[in-house]
Amino acid sequence: MPSVKIPPVLRKHTGDQMSVEIAGSNVGEVLNALVSQYPDTGGQLFSGEGELNRFVNVYLNDEDVRVLDGLETAVTDTDTVMILPAMAGGSTN
Amino acid sequence: MSPEQAEQQTVEEITPQEAFTELDAGGVKLIDTREPYEYEESHIDGSELIPPGVIADRIAVAVPDKSQRIILQCRSGVRSYDAGQVLQELGYEDVASMAGGILEWEAQGLPVESNVNLTPAQRDRYSRHILLPEVGVEGQIKMLEAKVLLLGAGGLGAPTALYLAAAGIGTIGIVDDDVVDASNLQRQVIHNTSRVGTPKSSSARQTIEELNPDVNVIEYNFRLDADNILEVIEDYDIIVDGADNFPTRYLLNDASVRLRKPVVSASILSFDGQISTFVPYEGPCYRCLYPTPPPPELAPSCSANGVLGAMAGQMGLLQANEVLKLVLGIGEPLVGRLLLYEALGTRFTELKVRRDPKCPICGPDAPEVPESEMGQFPDYEAFCGGHTGS
(Lines give C-alpha, C1' and ligand atoms only; values in the text may rest on other atoms or scores of the structure.)
Protein backbone atom coordinates (compact mmCIF):
# COMPACT_ATOMS: atom_id res chain seq x y z
CA MET A 1 0.00 0.00 0.00
CA PRO A 2 1.20 3.54 -0.57
CA SER A 3 2.43 5.23 2.57
CA VAL A 4 1.22 8.64 3.64
CA LYS A 5 3.58 10.89 5.61
CA ILE A 6 1.74 12.78 8.29
CA PRO A 7 3.04 16.23 9.24
CA PRO A 8 3.44 17.15 12.93
CA VAL A 9 0.32 19.30 12.93
CA LEU A 10 -1.90 16.34 11.95
CA ARG A 11 -0.30 13.64 14.04
CA LYS A 12 -2.64 14.19 16.92
CA HIS A 13 -5.39 13.07 14.56
CA THR A 14 -3.58 9.88 13.49
CA GLY A 15 -2.76 8.52 16.93
CA ASP A 16 0.73 10.11 16.76
CA GLN A 17 1.68 8.04 13.74
CA MET A 18 4.17 9.79 11.45
CA SER A 19 3.39 7.54 8.53
CA VAL A 20 0.35 5.43 7.72
CA GLU A 21 -0.32 2.87 4.99
CA ILE A 22 -3.47 3.71 3.05
CA ALA A 23 -4.92 1.89 0.04
CA GLY A 24 -5.91 3.81 -3.08
CA SER A 25 -5.12 3.99 -6.77
CA ASN A 26 -4.79 7.76 -6.99
CA VAL A 27 -3.91 10.63 -4.66
CA GLY A 28 -7.56 11.62 -4.12
CA GLU A 29 -8.55 8.07 -3.17
CA VAL A 30 -5.65 7.77 -0.76
CA LEU A 31 -6.44 11.10 0.93
CA ASN A 32 -10.16 10.35 1.13
CA ALA A 33 -9.40 6.95 2.63
CA LEU A 34 -7.13 8.69 5.14
CA VAL A 35 -9.93 11.04 6.11
CA SER A 36 -12.42 8.19 6.54
CA GLN A 37 -9.96 6.37 8.77
CA TYR A 38 -8.89 9.53 10.68
CA PRO A 39 -11.82 11.94 10.25
CA ASP A 40 -10.17 14.86 12.07
CA THR A 41 -7.56 15.21 9.29
CA GLY A 42 -10.32 16.29 6.88
CA GLY A 43 -10.48 19.90 8.03
CA GLN A 44 -6.82 20.47 7.25
CA LEU A 45 -6.87 18.74 3.88
CA PHE A 46 -10.09 19.68 2.14
CA SER A 47 -12.18 22.79 1.77
CA GLY A 48 -15.96 22.66 2.15
CA GLU A 49 -16.18 22.09 -1.61
CA GLY A 50 -14.00 18.99 -1.43
CA GLU A 51 -11.00 20.72 -3.04
CA LEU A 52 -7.52 20.40 -1.57
CA ASN A 53 -6.91 23.38 0.68
CA ARG A 54 -4.50 25.82 -0.93
CA PHE A 55 -2.39 26.07 2.23
CA VAL A 56 -1.62 22.36 2.10
CA ASN A 57 0.80 20.94 -0.40
CA VAL A 58 0.54 17.30 -1.35
CA TYR A 59 3.54 15.61 -2.87
CA LEU A 60 3.80 12.28 -4.62
CA ASN A 61 7.36 11.26 -3.84
CA ASP A 62 9.32 14.46 -4.59
CA GLU A 63 6.81 16.12 -6.91
CA ASP A 64 3.91 18.46 -6.14
CA VAL A 65 0.71 16.76 -7.29
CA ARG A 66 -0.48 20.09 -8.69
CA VAL A 67 2.12 19.81 -11.46
CA LEU A 68 1.08 16.16 -12.00
CA ASP A 69 -2.61 15.29 -12.32
CA GLY A 70 -3.74 16.75 -8.98
CA LEU A 71 -5.97 14.42 -6.99
CA GLU A 72 -6.24 12.20 -10.09
CA THR A 73 -2.52 11.42 -10.01
CA ALA A 74 -2.04 7.65 -10.07
CA VAL A 75 -0.37 6.08 -7.04
CA THR A 76 1.38 2.72 -6.83
CA ASP A 77 2.09 0.60 -3.77
CA THR A 78 5.68 1.78 -3.51
CA ASP A 79 4.82 5.50 -3.67
CA THR A 80 4.90 7.94 -0.79
CA VAL A 81 2.24 10.61 -0.49
CA MET A 82 3.42 13.53 1.62
CA ILE A 83 1.15 16.10 3.22
CA LEU A 84 2.98 19.35 3.71
CA PRO A 85 1.32 22.26 5.46
CA ALA A 86 3.19 25.55 5.90
CA MET A 87 5.00 25.90 9.21
CA ALA A 88 6.11 29.15 10.77
CA GLY A 89 7.97 28.06 13.87
CA GLY A 90 11.26 29.80 14.48
CA SER A 91 11.85 32.29 17.18
CA THR A 92 8.68 31.67 19.14
CA ASN A 93 9.03 31.79 22.90
CA MET B 1 74.69 16.57 8.88
CA SER B 2 73.33 13.03 8.42
CA PRO B 3 74.86 10.75 5.79
CA GLU B 4 71.63 10.97 3.79
CA GLN B 5 71.79 14.73 3.64
CA ALA B 6 75.49 14.65 2.91
CA GLU B 7 74.83 12.64 -0.24
CA GLN B 8 72.58 15.37 -1.57
CA GLN B 9 73.94 18.35 -3.36
CA THR B 10 73.94 21.69 -1.69
CA VAL B 11 71.91 24.43 -3.27
CA GLU B 12 73.12 27.96 -3.67
CA GLU B 13 71.33 30.27 -1.25
CA ILE B 14 70.89 33.97 -1.89
CA THR B 15 69.39 36.73 0.21
CA PRO B 16 66.13 38.44 -0.76
CA GLN B 17 68.10 41.58 -1.58
CA GLU B 18 70.36 39.61 -3.94
CA ALA B 19 67.32 37.99 -5.50
CA PHE B 20 65.73 41.40 -5.96
CA THR B 21 68.83 42.74 -7.69
CA GLU B 22 68.97 39.72 -10.03
CA LEU B 23 65.26 39.93 -10.83
CA ASP B 24 65.57 43.62 -11.49
CA ALA B 25 68.39 42.96 -13.96
CA GLY B 26 66.27 40.39 -15.81
CA GLY B 27 66.98 37.04 -17.42
CA VAL B 28 66.00 35.14 -14.29
CA LYS B 29 63.09 32.76 -13.75
CA LEU B 30 61.47 33.10 -10.29
CA ILE B 31 59.50 30.07 -9.13
CA ASP B 32 57.30 30.21 -6.03
CA THR B 33 57.20 26.75 -4.45
CA ARG B 34 54.30 27.21 -2.09
CA GLU B 35 50.65 26.11 -2.15
CA PRO B 36 48.04 28.00 -4.20
CA TYR B 37 46.31 29.53 -1.18
CA GLU B 38 49.60 31.00 0.02
CA TYR B 39 50.36 32.37 -3.42
CA GLU B 40 46.91 33.91 -3.60
CA GLU B 41 47.49 35.85 -0.40
CA SER B 42 50.60 37.54 -1.65
CA HIS B 43 53.46 36.79 -4.02
CA ILE B 44 56.42 38.43 -5.70
CA ASP B 45 55.55 40.09 -8.99
CA GLY B 46 56.61 37.96 -11.95
CA SER B 47 56.88 34.71 -9.99
CA GLU B 48 55.36 31.49 -11.27
CA LEU B 49 53.60 29.20 -8.82
CA ILE B 50 54.68 25.54 -8.87
CA PRO B 51 53.71 23.76 -5.62
CA PRO B 52 56.46 21.50 -4.21
CA GLY B 53 54.45 18.31 -4.74
CA VAL B 54 54.37 18.78 -8.52
CA ILE B 55 57.61 20.61 -9.26
CA ALA B 56 59.38 17.54 -10.66
CA ASP B 57 56.52 17.05 -13.12
CA ARG B 58 55.98 20.63 -14.15
CA ILE B 59 59.46 22.12 -14.32
CA ALA B 60 60.17 20.82 -17.84
CA VAL B 61 57.23 22.78 -19.20
CA ALA B 62 57.88 25.88 -17.10
CA VAL B 63 61.63 25.97 -17.81
CA PRO B 64 62.59 23.86 -20.86
CA ASP B 65 66.21 25.18 -20.87
CA LYS B 66 68.26 23.46 -18.16
CA SER B 67 70.91 26.18 -18.25
CA GLN B 68 68.36 28.89 -17.39
CA ARG B 69 69.05 30.76 -14.14
CA ILE B 70 66.26 29.84 -11.66
CA ILE B 71 65.53 31.39 -8.27
CA LEU B 72 63.27 29.32 -6.05
CA GLN B 73 61.31 30.93 -3.27
CA CYS B 74 58.82 29.71 -0.69
CA ARG B 75 57.51 31.02 2.62
CA SER B 76 60.63 30.66 4.78
CA GLY B 77 63.24 29.07 2.51
CA VAL B 78 62.87 25.39 3.44
CA ARG B 79 60.63 24.14 0.63
CA SER B 80 62.53 26.16 -1.96
CA TYR B 81 65.83 24.62 -0.82
CA ASP B 82 64.38 21.12 -1.15
CA ALA B 83 62.99 22.02 -4.56
CA GLY B 84 66.44 23.22 -5.57
CA GLN B 85 67.85 19.78 -4.85
CA VAL B 86 65.10 18.20 -6.94
CA LEU B 87 65.87 20.50 -9.87
CA GLN B 88 69.60 19.85 -9.63
CA GLU B 89 68.95 16.11 -9.71
CA LEU B 90 66.90 16.70 -12.84
CA GLY B 91 69.91 18.38 -14.42
CA TYR B 92 69.17 22.06 -13.90
CA GLU B 93 72.51 23.78 -13.71
CA ASP B 94 71.95 27.26 -12.30
CA VAL B 95 69.54 27.06 -9.38
CA ALA B 96 69.38 29.22 -6.24
CA SER B 97 67.06 29.19 -3.23
CA MET B 98 66.04 32.46 -1.64
CA ALA B 99 66.94 32.20 2.06
CA GLY B 100 64.20 33.28 4.47
CA GLY B 101 61.53 33.08 1.77
CA ILE B 102 58.83 35.65 1.19
CA LEU B 103 58.68 36.32 4.93
CA GLU B 104 62.21 37.68 4.87
CA TRP B 105 61.55 39.39 1.52
CA GLU B 106 58.62 41.25 3.05
CA ALA B 107 60.59 41.92 6.25
CA GLN B 108 63.22 43.66 4.10
CA GLY B 109 60.50 45.92 2.76
CA LEU B 110 60.66 44.47 -0.74
CA PRO B 111 57.46 44.71 -2.81
CA VAL B 112 54.81 41.99 -3.09
CA GLU B 113 51.67 41.67 -5.14
CA SER B 114 48.86 41.44 -2.67
CA ASN B 115 45.18 41.80 -3.36
CA VAL B 116 44.51 41.04 0.22
CA ASN B 117 43.36 43.21 3.02
CA LEU B 118 43.22 40.66 5.79
CA THR B 119 45.23 41.45 8.89
CA PRO B 120 47.62 38.81 10.24
CA ALA B 121 45.11 38.17 13.03
CA GLN B 122 42.35 37.59 10.48
CA ARG B 123 44.53 35.25 8.46
CA ASP B 124 45.04 33.25 11.61
CA ARG B 125 41.38 33.35 12.74
CA TYR B 126 40.03 32.32 9.34
CA SER B 127 42.87 30.00 8.34
CA ARG B 128 40.57 26.96 8.15
CA HIS B 129 38.40 28.81 5.65
CA ILE B 130 41.38 30.14 3.73
CA LEU B 131 42.74 26.61 3.38
CA LEU B 132 39.62 25.64 1.41
CA PRO B 133 40.32 26.29 -2.27
CA GLU B 134 36.63 27.22 -2.72
CA VAL B 135 36.98 29.97 -0.11
CA GLY B 136 40.54 31.25 0.08
CA VAL B 137 41.44 34.78 1.06
CA GLU B 138 39.14 36.15 -1.61
CA GLY B 139 36.14 34.24 -0.23
CA GLN B 140 36.95 35.30 3.31
CA ILE B 141 37.00 38.91 2.18
CA LYS B 142 33.58 38.39 0.59
CA MET B 143 32.31 37.13 3.94
CA LEU B 144 33.77 40.09 5.79
CA GLU B 145 32.09 42.42 3.34
CA ALA B 146 28.73 40.59 3.42
CA LYS B 147 25.66 41.96 5.17
CA VAL B 148 23.17 39.42 6.43
CA LEU B 149 19.91 40.18 8.21
CA LEU B 150 18.41 37.68 10.63
CA LEU B 151 14.71 37.77 11.35
CA GLY B 152 14.60 36.50 14.89
CA ALA B 153 17.30 35.61 17.38
CA GLY B 154 15.39 32.55 18.51
CA GLY B 155 15.47 28.82 17.92
CA LEU B 156 16.69 29.19 14.34
CA GLY B 157 18.32 32.61 14.44
CA ALA B 158 20.47 31.92 17.50
CA PRO B 159 22.54 29.09 16.02
CA THR B 160 22.57 30.75 12.59
CA ALA B 161 23.91 33.98 14.08
CA LEU B 162 26.63 32.20 16.06
CA TYR B 163 28.03 30.42 13.02
CA LEU B 164 27.73 33.41 10.70
CA ALA B 165 29.57 35.49 13.30
CA ALA B 166 32.26 32.87 13.74
CA ALA B 167 32.62 32.65 9.96
CA GLY B 168 33.31 36.37 9.81
CA ILE B 169 30.17 37.70 8.15
CA GLY B 170 31.06 41.35 8.53
CA THR B 171 27.63 42.82 9.21
CA ILE B 172 24.85 40.94 10.95
CA GLY B 173 21.50 42.63 11.51
CA ILE B 174 19.19 41.12 14.09
CA VAL B 175 15.48 41.87 14.15
CA ASP B 176 13.81 40.75 17.36
CA ASP B 177 11.50 42.63 19.68
CA ASP B 178 11.48 39.93 22.34
CA VAL B 179 13.39 39.56 25.60
CA VAL B 180 15.30 36.46 26.67
CA ASP B 181 13.13 34.04 28.64
CA ALA B 182 14.43 31.08 30.64
CA SER B 183 12.37 28.76 28.39
CA ASN B 184 14.39 29.96 25.37
CA LEU B 185 17.69 28.69 26.69
CA GLN B 186 16.98 25.02 25.85
CA ARG B 187 17.75 25.88 22.20
CA GLN B 188 18.59 29.57 21.74
CA VAL B 189 22.27 29.07 22.39
CA ILE B 190 23.34 32.64 21.69
CA HIS B 191 21.70 33.75 24.96
CA ASN B 192 22.54 32.65 28.47
CA THR B 193 21.12 32.46 31.96
CA SER B 194 22.41 35.83 33.10
CA ARG B 195 20.64 37.57 30.20
CA VAL B 196 17.12 36.46 31.06
CA GLY B 197 14.96 39.57 30.77
CA THR B 198 17.28 41.48 28.42
CA PRO B 199 16.34 42.12 24.79
CA LYS B 200 17.28 39.21 22.54
CA SER B 201 18.90 41.51 19.98
CA SER B 202 21.29 42.99 22.54
CA SER B 203 21.98 39.61 24.16
CA ALA B 204 22.87 38.26 20.71
CA ARG B 205 25.07 41.27 20.07
CA GLN B 206 27.02 40.74 23.29
CA THR B 207 27.70 37.09 22.46
CA ILE B 208 28.73 37.88 18.89
CA GLU B 209 31.05 40.69 19.94
CA GLU B 210 32.80 38.38 22.39
CA LEU B 211 33.05 35.67 19.75
CA ASN B 212 34.34 37.79 16.86
CA PRO B 213 35.24 41.48 17.00
CA ASP B 214 35.26 41.61 13.18
CA VAL B 215 31.47 41.50 13.13
CA ASN B 216 29.41 44.66 13.20
CA VAL B 217 26.05 43.85 14.82
CA ILE B 218 23.05 46.04 14.10
CA GLU B 219 20.11 45.66 16.45
CA TYR B 220 16.49 46.14 15.39
CA ASN B 221 14.60 45.83 18.62
CA PHE B 222 11.18 46.03 17.00
CA ARG B 223 8.83 43.96 14.90
CA LEU B 224 9.02 44.20 11.13
CA ASP B 225 5.93 45.69 9.58
CA ALA B 226 4.83 47.13 6.26
CA ASP B 227 6.03 50.60 7.28
CA ASN B 228 9.59 49.68 8.18
CA ILE B 229 10.47 46.54 6.23
CA LEU B 230 11.93 48.08 3.06
CA GLU B 231 14.08 50.47 5.04
CA VAL B 232 15.43 47.62 7.17
CA ILE B 233 16.12 45.06 4.44
CA GLU B 234 17.41 47.30 1.66
CA ASP B 235 20.93 47.49 3.08
CA TYR B 236 21.39 43.73 3.29
CA ASP B 237 22.64 41.17 0.77
CA ILE B 238 20.82 38.16 2.19
CA ILE B 239 17.95 37.72 4.63
CA VAL B 240 17.47 34.76 6.92
CA ASP B 241 13.85 34.13 7.79
CA GLY B 242 13.34 32.38 11.09
CA ALA B 243 10.15 34.30 11.83
CA ASP B 244 7.65 32.72 14.16
CA ASN B 245 4.53 33.92 12.41
CA PHE B 246 2.92 33.89 8.99
CA PRO B 247 2.20 37.62 8.56
CA THR B 248 5.92 38.37 8.86
CA ARG B 249 6.85 35.53 6.50
CA TYR B 250 4.50 36.77 3.78
CA LEU B 251 5.48 40.40 4.30
CA LEU B 252 9.15 39.50 4.07
CA ASN B 253 8.57 37.43 0.95
CA ASP B 254 6.72 40.16 -0.85
CA ALA B 255 9.23 42.85 0.15
CA SER B 256 12.27 40.73 -0.69
CA VAL B 257 10.90 39.89 -4.14
CA ARG B 258 10.36 43.62 -4.75
CA LEU B 259 13.95 44.38 -3.77
CA ARG B 260 15.29 41.12 -5.28
CA LYS B 261 16.90 39.96 -2.05
CA PRO B 262 17.58 36.25 -1.53
CA VAL B 263 15.88 34.76 1.52
CA VAL B 264 16.99 31.63 3.35
CA SER B 265 13.89 30.36 5.08
CA ALA B 266 13.52 27.59 7.61
CA SER B 267 10.79 26.56 9.99
CA ILE B 268 10.65 24.09 12.82
CA LEU B 269 8.08 22.26 14.87
CA SER B 270 8.43 19.37 17.29
CA PHE B 271 11.01 17.06 15.67
CA ASP B 272 10.58 18.34 12.12
CA GLY B 273 12.16 21.10 10.10
CA GLN B 274 11.87 22.52 6.59
CA ILE B 275 14.29 24.75 4.73
CA SER B 276 14.53 26.33 1.31
CA THR B 277 16.35 29.24 -0.31
CA PHE B 278 14.26 31.72 -2.26
CA VAL B 279 16.18 33.71 -4.85
CA PRO B 280 13.73 36.06 -6.55
CA TYR B 281 13.12 35.29 -10.23
CA GLU B 282 15.79 32.57 -10.24
CA GLY B 283 13.58 30.14 -8.38
CA PRO B 284 10.22 30.07 -6.67
CA CYS B 285 9.29 32.46 -3.87
CA TYR B 286 7.62 31.58 -0.58
CA ARG B 287 4.21 32.25 -2.13
CA CYS B 288 4.89 29.86 -5.02
CA LEU B 289 5.31 27.20 -2.33
CA TYR B 290 2.56 28.34 0.03
CA PRO B 291 0.16 30.68 -1.77
CA THR B 292 -1.99 31.18 1.32
CA PRO B 293 -1.32 30.73 5.02
CA PRO B 294 -3.19 28.12 7.04
CA PRO B 295 -5.96 29.31 9.33
CA PRO B 296 -4.70 30.06 12.86
CA GLU B 297 -6.13 26.88 14.39
CA LEU B 298 -4.07 24.80 11.95
CA ALA B 299 -0.86 26.77 12.46
CA PRO B 300 0.50 25.71 15.82
CA SER B 301 3.61 27.30 17.24
CA CYS B 302 6.54 25.85 19.12
CA SER B 303 5.14 27.35 22.32
CA ALA B 304 2.12 25.09 22.02
CA ASN B 305 3.77 22.01 20.56
CA GLY B 306 7.35 22.04 21.78
CA VAL B 307 10.51 21.64 19.77
CA LEU B 308 13.66 19.56 20.17
CA GLY B 309 16.50 22.00 20.79
CA ALA B 310 19.17 20.15 18.83
CA MET B 311 16.84 19.91 15.81
CA ALA B 312 16.35 23.68 15.89
CA GLY B 313 20.14 23.98 15.95
CA GLN B 314 20.52 21.68 12.97
CA MET B 315 18.05 23.70 10.93
CA GLY B 316 19.70 26.95 12.03
CA LEU B 317 23.07 25.66 10.83
CA LEU B 318 21.59 24.54 7.53
CA GLN B 319 20.49 28.17 7.20
CA ALA B 320 24.01 29.40 7.99
CA ASN B 321 25.40 26.96 5.43
CA GLU B 322 23.03 28.30 2.76
CA VAL B 323 24.03 31.87 3.57
CA LEU B 324 27.74 31.12 3.30
CA LYS B 325 27.25 29.40 -0.07
CA LEU B 326 25.29 32.38 -1.38
CA VAL B 327 27.93 34.82 -0.13
CA LEU B 328 30.76 32.80 -1.68
CA GLY B 329 28.86 31.91 -4.84
CA ILE B 330 29.75 28.23 -4.45
CA GLY B 331 27.87 24.94 -4.35
CA GLU B 332 24.19 24.43 -4.96
CA PRO B 333 21.88 26.47 -2.75
CA LEU B 334 18.42 25.07 -2.01
CA VAL B 335 16.84 27.10 -4.81
CA GLY B 336 13.73 25.32 -6.08
CA ARG B 337 14.18 22.63 -3.47
CA LEU B 338 12.51 22.16 -0.13
CA LEU B 339 14.54 20.08 2.28
CA LEU B 340 12.61 18.32 5.02
CA TYR B 341 14.32 16.95 8.10
CA GLU B 342 12.83 14.44 10.50
CA ALA B 343 15.01 14.35 13.57
CA LEU B 344 13.39 11.21 15.04
CA GLY B 345 14.24 9.09 12.04
CA THR B 346 17.30 11.18 11.14
CA ARG B 347 15.94 11.40 7.61
CA PHE B 348 16.22 14.10 5.00
CA THR B 349 13.71 14.32 2.15
CA GLU B 350 14.04 16.70 -0.76
CA LEU B 351 11.01 18.00 -2.64
CA LYS B 352 10.90 19.98 -5.86
CA VAL B 353 9.41 23.45 -5.70
CA ARG B 354 8.66 25.23 -8.94
CA ARG B 355 7.86 28.81 -9.74
CA ASP B 356 4.12 29.18 -9.83
CA PRO B 357 3.07 30.75 -13.15
CA LYS B 358 0.10 32.20 -11.27
CA CYS B 359 2.15 33.56 -8.37
CA PRO B 360 0.72 36.99 -7.48
CA ILE B 361 4.17 38.20 -6.41
CA CYS B 362 6.81 36.77 -8.75
CA GLY B 363 4.74 35.24 -11.56
CA PRO B 364 4.81 36.64 -15.12
CA ASP B 365 1.39 38.22 -14.60
CA ALA B 366 2.22 39.74 -11.24
CA PRO B 367 1.56 43.48 -11.39
CA GLU B 368 4.60 45.70 -11.53
CA VAL B 369 4.87 47.70 -8.33
CA PRO B 370 5.33 51.40 -9.11
CA GLU B 371 7.97 53.26 -7.12
CA SER B 372 5.29 55.29 -5.36
CA GLU B 373 3.69 52.11 -3.99
CA MET B 374 6.92 50.29 -3.18
CA GLY B 375 6.37 50.59 0.54
CA GLN B 376 2.71 49.65 0.48
CA PHE B 377 1.73 46.13 1.42
CA PRO B 378 -1.56 44.35 2.01
CA ASP B 379 -2.88 43.71 5.52
CA TYR B 380 -1.08 40.50 6.33
CA GLU B 381 -2.65 40.13 9.76
CA ALA B 382 -6.06 39.99 8.08
CA PHE B 383 -4.67 37.79 5.26
CA CYS B 384 -3.40 35.37 7.89
CA GLY B 385 -6.63 35.37 9.84
CA GLY B 386 -5.33 37.59 12.59
CA HIS B 387 -2.76 34.98 13.59
CA THR B 388 0.17 36.53 15.37
CA GLY B 389 2.05 33.39 16.24
CA SER B 390 3.15 34.28 19.73
Side-chain angles (χ1 to χ4, degrees), chain A residues 2-20 27 35 38-49 51-70 73 78-93, chain B residues 151-158 176 178 181 183-184 188 200 241-246 248-249 266-274 286 289-295 297-305 307 312 315-316 337-338 340 342 344-345 349-354 356 384 387 389-390:
Chain A
S3 65
V4 182
K5 294 251 189 182
I6 309 296
V9 60
L10 288 185
R11 283 178 204 155
K12 60 177 180 286
H13 305 312
T14 61
D16 288 327
Q17 294 178 90
M18 298 169 71
S19 180
V20 292
V27 171
V35 173
Y38 305 101
D40 291 341
T41 57
Q44 171 89 328
L45 292 175
F46 295 107
S47 69
E49 292 79 47
E51 298 283 313
L52 255 187
N53 277 327
R54 202 55 194 87
F55 56 83
V56 176
N57 290 330
V58 176
Y59 278 79
L60 181 66
N61 304 318
D62 68 344
E63 192 64 87
D64 191 334
V65 299
R66 284 193 305 248
V67 308
L68 301 171
D69 296 323
T73 306
T78 55
D79 282 334
T80 300
V81 175
M82 181 169 290
I83 301 168
L84 189 74
M87 305 195 296
S91 62
T92 308
N93 282 328
Chain B
L151 260 62
L156 289 164
D176 205 311
D178 224 339
D181 184 87
S183 69
N184 301 148
Q188 299 180 17
K200 283 187 180 178
D241 180 11
D244 62 350
N245 65 89
F246 285 105
T248 304
R249 284 187 182 253
S267 57
I268 50 175
L269 188 65
S270 307
F271 298 95
D272 289 45
Q274 313 180 351
Y286 188 73
L289 176 60
Y290 298 117
T292 60
E297 66 274 17
L298 295 177
S301 66
C302 296
S303 50
N305 278 47
V307 62
M315 297 309 295
R337 299 186 286 151
L338 179 68
L340 310 181
E342 300 165 71
L344 281 182
T349 308
E350 189 180 309
L351 304 177
K352 296 191 181 94
V353 188
R354 290 195 168 72
D356 181 355
C384 297
H387 179 71
S390 50

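Lettering follows sequence order; numbering is per chain, from 1. Nothing here was measured: the structure is a model prediction, and the numbers come from that model.
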Checklist entry - Is any side-chain heavy atom of A:E63 less than 4.5 Å from a side-chain heavy atom of B:R354? => result yes

Item to check | Side-chain heavy atoms of A:Y59 within contact of B:V353, under 4.5 Å | outcome: yes

Item to check | Min side-chain heavy-atom separation B:K352-A:D64 under 4.5 Å | outcome: no

Checklist entry - When you look at B:L351 and A:N61, which way does the side-chain contact (heavy atoms from CB on, under 4.5 Å) test go after all the steps? => result CA-CA 8 Å; B:L351 304 177; A:N61 304 318; over 6 Å; no

Next on the checklist: If we ignore hydrogens and angles and just use 3.5 Å, is the side chain of A:N57 paired with the main-chain N or O of B:L289 as donor and acceptor?
Outcome noted: yes

Item to check | Nearest-0.5 Å distance that lies between atom CE in A:M18 and atom CG in B:L344 | outcome: 5.0 Å

Item to check | Euclidean distance, B:Y290 OH relative to A:R54 CZ, rounded to 0.5 Å | outcome: 11.0 Å

Item to check | Which portion of B:Q274 sits near chain A, non-hydrogen atoms under 4.5 angstrom | outcome: both

Item to check | Contact class of B:D241 relative to chain A, heavy atoms under 4.5 angstrom | outcome: neither

Item to check | Proximal component of A:V56, with respect to chain B [non-hydrogen, under 4.5 Å] | outcome: neither

Next on the checklist: Under 4.0 Å between a side-chain nitrogen and a carboxylate oxygen: does that hold for B:D272 and A:K5?
Outcome noted: no

Item to check | Which portion of B:R337 sits near chain A, non-hydrogen atoms under 4.5 angstrom | outcome: neither

Next on the checklist: Pair A:D62, B:E350 - check side-chain contact (heavy atoms from CB on, under 4.5 Å), show working.
Outcome noted: CA-CA 6 Å; A:D62 68 344; B:E350 189 180 309; over 6 Å; no

